[in-house]
K.L.:
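First the structure, which I've put down as structure tokens, then a few questions once you've had a look.
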Amino acid sequence: MTATSNAAAGAATLMPLLIHLLRGASDLASVSATHAKLLKLGAASSVASSNHLLAAYGRCGCTALARHLFDGMRDRNVVSWTALMSGYASAGRPRAAVALLRAMARSGVPPNAFTFSTAASSCARLADAGLGRQVHARAEVAGYACDSVVSTALVDMYGKAGRVGDARAVFDAMPVTARNAVSWASMLSVYAQNALGHDAIQLFAELRTNGEDMAPNHFMLSSVVNACAGVGRLGIGKCIHGMVLHHGHEDNDVVAVALVDMYSKCGIYEYSKKVFDRINQPSVIPYTSIIVATAKYGLGRCALALFSDMVGRGVQPNSVTLLGVLHACSHSGLVDTGLQLLRSMRSEYGIDPCASHYTCAVDMLGRAGQLEEAFELADEAQVNGNDALMLWSSLLSACRNHKRLDLATMAGQKVSEFTQDVAGALVVMSNAYASAGQADDAAAVWSNMRRRGIRKDPGCSWIEIKDISYMFYAGVVSPAGSRAGEVMLLLDELEGKMREKGYKGRIGSARVLDADEEEDGNHHHQEGRGVMVGVHSELLALGLGLLVIPKGMAIRVMKNLRMCRDCHEAFKVISAIVEREFVVRDLNRFHHFRMGSCSCNDYW
DNA sequence: CTAGGGTTAG
């Protein structure tokens with residue numbers, strides 16, 4: 001045997017081993033060691049082994065080395081290009097990954113399905129629908145748009161970019177045979193991630209009825225549970241929990257976290273806690289979700305205890321966790337603890353406070369009535385853009401709540417420096433004037449908004465009755481179709497009884513708006529005629545609940561904005577009059593009304 | 001050889 005054929009024989013036996021080593025390697029040291037061995041064997045230069053090396057370097061995040069290798073290759077095939085692209089994508093450089101698609105076209109190597117799915121998922125990371133559409137078009141031309149994986153990646157891409165309709169169009173255009181568990185799960189998550197819980201639930205129901213016995217996997221289940229959480233569908237959520245148990249996914253942490261979140265958002269903290277307690281060795285995300293849940297129920301000290309438990313177990317909190325703990329302090333009036341936490345975030349946990357932490361802390365001070373301190377902190381925060389808008393808007397509402405019109409004007413000034421969507425802030429401003437008795441000024445803000453064509457999302461509430469949810473809008477007098485009259489009569493009657501109980505407020509109050517406006521911040525009530533023209537959406541939902549939900553069952557109402565003080569008072573009094581429990585989930589937290597008082601102790 | 005899906009907040 002000659003020397004060369006000896007080496008060739010060695011290479012032939014060693015190659016499979018080395019390739020195997022490369023495939024399993026995810027650290028630079030072992031990849032480069034194997035690379036060296038391949039070089040020694042003289043077997044590193046073939047396209048196949050170069051591709052393996054390329055992919056391995058990509059997997060361990062060494063895009064520079066992968067690129068160097070790629071540039072030095074004599075021949076590059078579609079795998080070489082795709083491996084490099086994938087390396088860029090997983091190294092957090094999705095823009096560079098997509099750019100390779102054009103470079104590839106110029107060099108005359110046609111992409112395959114692997115290439116398109118990698119490119120599409122890179123666009124998903126960028127949440128760039130424009131770029132994604134270009135990838136989609138190229139895939140279409142090349143005949144890969146119907147591929148199962150490619151179309152699933154496109155569904156995900158459109159979804160992440162917020163183009164739900166486009167995502168659904170891709171999903172619907174898929175050949176039925178190409179639609180598998182992953183594509184269904186992707187479409188479900190598109191809905192769930194875009195706050196379209198009702199659509200997710202409906203699609204899941206379609207899968208159940210004509211899905212050819214496709215068992216729900218943990219991806220689908222976590223998305224649907226997430227969807228139930230978003231829209232507060234406790235009934236369906238419980239049912240999905242049953243399916244989780246039935247299919248043996250209760251030990252999956254992601255599913256468990258989704259359940260913790262769902263129960264907490266549907267008003268049953270005890271179930272959240274139960275699901276959380278089953279998770280062994282909870283990581284930062286389960287801990288964060290239970291802390292946030294605990295905070296929402298106003299159990300501030302309990303949330304702090306969970307936090308120290310977590311830290312004690314060596315679980316590193318992240319930025320979201322700290323935001324949750326700050327929320328806990330805020331909702332329970334633990335102002336000093338909250339401020340200490342904000343000040344020690346960097347030194348204790350290595351996390352720099354960002355705009356949301358400052359906003360939360362400013363909100364906490366504002367709620368507690370420490371408005372001067374709140375202003376100081378707001379000035380110190382140095383936030384920009386939309387973050388600043390949120391921060392100053394929250395301060396503006398604090399000024400309003402504490403009837404500090406002097407400071408409100410100052411905060412209003414700050415808010416107006418930001419030219420984005422200022423509708424919410426203007427509404428708060430107008431309410432500040434209204435509650436200070438300056439109705440003309442309040443009306444001026446409104447006419448200003450009308451002139452500038454600024455609209456605000458209407459406040460709405462909904463209630464689930466026998467697995468159907470009924471939606472109500474403030475000022476709309478026809479809730480749930482035919483029962484509108486009954487609801488209005490009931491509320492009218494309740495208002496009378498509330499007065500007997502010494503309730504000073506009204507279900508309706510002085511109005512500032514024109515009749516055609518349906519603004520949540522204002523009640524409509526025509527004095528003297530005893531006719532309720534409009535009323536807050538949560539009261540309409542409560543009215544329907546009182547009519548149809550059997551006595552003894554708590555009435556659960558969901559709302560997309562914060563509950564106003566008047567409604568909060570009304571709910572308290574009504575809970576005493578009718579001797580029932582109400583649970584209201586508002587934008588931020590839960591209110592549990594019982595026997596004339598609320599779990600938040602009027603602090604929220 | 002190279003590809004697709006789920007969780008905490010806002």
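Chain A is the first sequence line, chain B the second, and so forth, proteins listed ahead of strands; every chain is numbered from 1. Keep in mind that what you see is a predicted model, and the values were worked out from it rather than measured.
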K.L.:
Are A:Ser189 and A:Ser223 linked by a side-chain donor-acceptor pair shorter than 3.5 Å?
P.N.:
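A:Ser223 and A:Ser189 do not have a side-chain donor-acceptor pair below 3.5 Å.
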K.L.:
Can you name the nearest heavy-atom pair linking A:Gly298 to A:Ser332, along with the distance?
P.N.:
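Result for this residue pair: O-OG, 3.2 Å.
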K.L.:
Which of these nucleotides, B:dT2, B:dG4, B:dA9, is closest to any side-chain atom of A:Ala153?
P.N.:
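The nucleotide sitting nearest to the side chain is B:dG4.
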K.L.:
Which nucleotide wins on minimum distance to the side chain of A:Ser289, given the candidates B:dT2, B:dG5, B:dT8?
P.N.:
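Side chain of A:Ser289 sits closest to B:dT8.
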K.L.:
Per the atom types in the model, does the base of B:dA3 pair as donor or acceptor with the side chain of A:Ser117 at under 3.5 Å?
P.N.:
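A donor-acceptor contact between them is present.
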K.L.:
On the side chain of A:Thr118, is there an atom forming a donor-acceptor pair with the base of B:dG4 - under 3.5 Å, no angle test?
P.N.:
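Answer is no: no donor-acceptor pair is held.
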K.L.:
Describe the nucleic acid contact of A:Ser86 in one word from base, sugar-phosphate, nothing, applying a heavy-atom distance below 4.0 Å.
P.N.:
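Sugar-phosphate contact only - A:Ser86 comes under 4.0 Å of backbone atoms but never of a base.
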K.L.:
Taking the minimum atom-to-atom distance to the side chain of A:Ser223, which one of B:dG6, B:dG4, B:dA3 wins?
P.N.:
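Looking only at heavy atoms from C-beta outward on A:Ser223, the closest nucleotide is B:dG6.
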K.L.:
Under 3.5 Å, is there an N or O donor on one side and an acceptor on the other linking the side chain of A:Thr152 and the base of B:dG4?
P.N.:
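Between B:dG4 and A:Thr152, which were checked side chain against base, a qualifying N/O pair under 3.5 Å is present.
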K.L.:
I'd like to know if A:Asn180 reaches the base of B:dG4 with its side chain such that a donor and an acceptor end up less than 3.5 angstrom apart.
P.N.:
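By the distance-only test, yes, there is a pair.
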K.L.:
What I want to check is whether an N or O donor and acceptor connect the side chain of A:Asn252 with the base of B:dG6 at under 3.5 Å.
P.N.:
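It does, because a donor-acceptor pair links the side chain of A:Asn252 to the base of B:dG6 below 3.5 Å.
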K.L.:
Using the side-chain heavy atoms of A:Lys265, tell me which of these nucleotides is nearest: B:dT2, B:dG5, B:dA9.
P.N.:
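Looking only at side-chain atoms, A:Lys265 lies closest to B:dA9.
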K.L.:
Of the candidate nucleotides B:dG5, B:dA3, B:dG4, which contains the atom at the shortest distance from the side chain of A:Ser148?
P.N.:
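My answer, after comparing the listed nucleotides, is B:dG4.
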K.L.:
Kindly state each residue pair satisfying ring-ring contact (aromatic ring centres under 6.0 Å, His included) with at least one member in residues 92-117 of chain A, sequence neighbours excluded.
P.N.:
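Listed once each, the pairs are A:Phe116-A:Tyr144.
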K.L.:
State which of B:dA3, B:dG6, B:dA9 makes the closest approach to the side chain of A:Phe114.
P.N.:
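Selected nucleotide (nearest to the side chain): B:dA3.
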K.L.:
Over all strands shown, is A:Ala181 touching base, sugar-phosphate only, or nothing at heavy-atom distances under 4.0 angstrom?
P.N.:
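Base, at least one base atom sits under 4.0 Å.
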K.L.:
Tell me: CH2 of A:Trp81 to C1' of B:dA3, nearest whole Å?
P.N.:
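It is 18 Å, rounded to the nearest whole Å.
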K.L.:
Using a strict threshold of under 4.0 Å (side-chain N to carboxylate O), is an ion pair present between A:Asp166 and A:Arg133?
P.N.:
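Looking at A:Arg133 and A:Asp166, the cut-off is met.
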K.L.:
Nearest to the A:His327 side chain among B:dT8, B:dA9, B:dA3, which nucleotide is it?
P.N.:
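When the side chain of A:His327 is considered, B:dA9 is the closest of B:dT8, B:dA9, B:dA3.
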K.L.:
Once you apply a heavy-atom cut-off of 4.0 Å, does A:Ser80 come out as touching a base, just sugar-phosphate, or nothing?
P.N.:
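The answer is nothing, as A:Ser80 stays clear of every strand by at least 4.0 Å.
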K.L.:
Regarding A:Arg76, tell me which of base, sugar-phosphate or nothing describes its non-hydrogen contacts under 4.0 Å with the strands shown.
P.N.:
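Here A:Arg76 touches no strand at all.
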K.L.:
A:His52 near the nucleic acid: base, sugar-phosphate alone, or nothing, with a heavy-atom cut-off under 4.0 Å?
P.N.:
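Counting heavy atoms under 4.0 Å across all strands, the contact made by A:His52 is with sugar-phosphate only.
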K.L.:
Work out which heavy atom in A:Leu391 is nearest to a heavy atom in A:Ala378; give both atom names and the distance.
P.N.:
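Of all heavy-atom pairs spanning A:Leu391 and A:Ala378, the closest is CD2-CB, 3.3 Å.
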K.L.:
What's the closest nucleotide to the side chain of A:Val149 if the choices are B:dG6, B:dT2, B:dG4?
P.N.:
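Out of B:dG6, B:dT2, B:dG4, the nucleotide with an atom closest to A:Val149's side chain is B:dG4.
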K.L.:
Report, as yes or no, whether the 6.0 Å neighbourhood of atom OH on A:Tyr271 holds more than 12 heavy atoms from other residues, nucleotides or ligands.
P.N.:
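Check fails, neighbour count at 12 or below.
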K.L.:
Side chain of A:Leu323, heavy atoms from C-beta onward: which of B:dA9, B:dT8, B:dG5 has the nearest atom to it?
P.N.:
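My answer, after comparing the listed nucleotides, is B:dA9.
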K.L.:
As a test of reading the structure: which of B:dA9, B:dG6, B:dT7 is closest to the side chain of A:Phe219, going by heavy atoms?
P.N.:
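Of the options given, the side chain of A:Phe219 lies nearest B:dG6.
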K.L.:
Could you state the NE2-P distance from A:His241 to B:dG6, rounded to the nearest angstrom?
P.N.:
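Roughly 21 Å, once rounded to whole Å.
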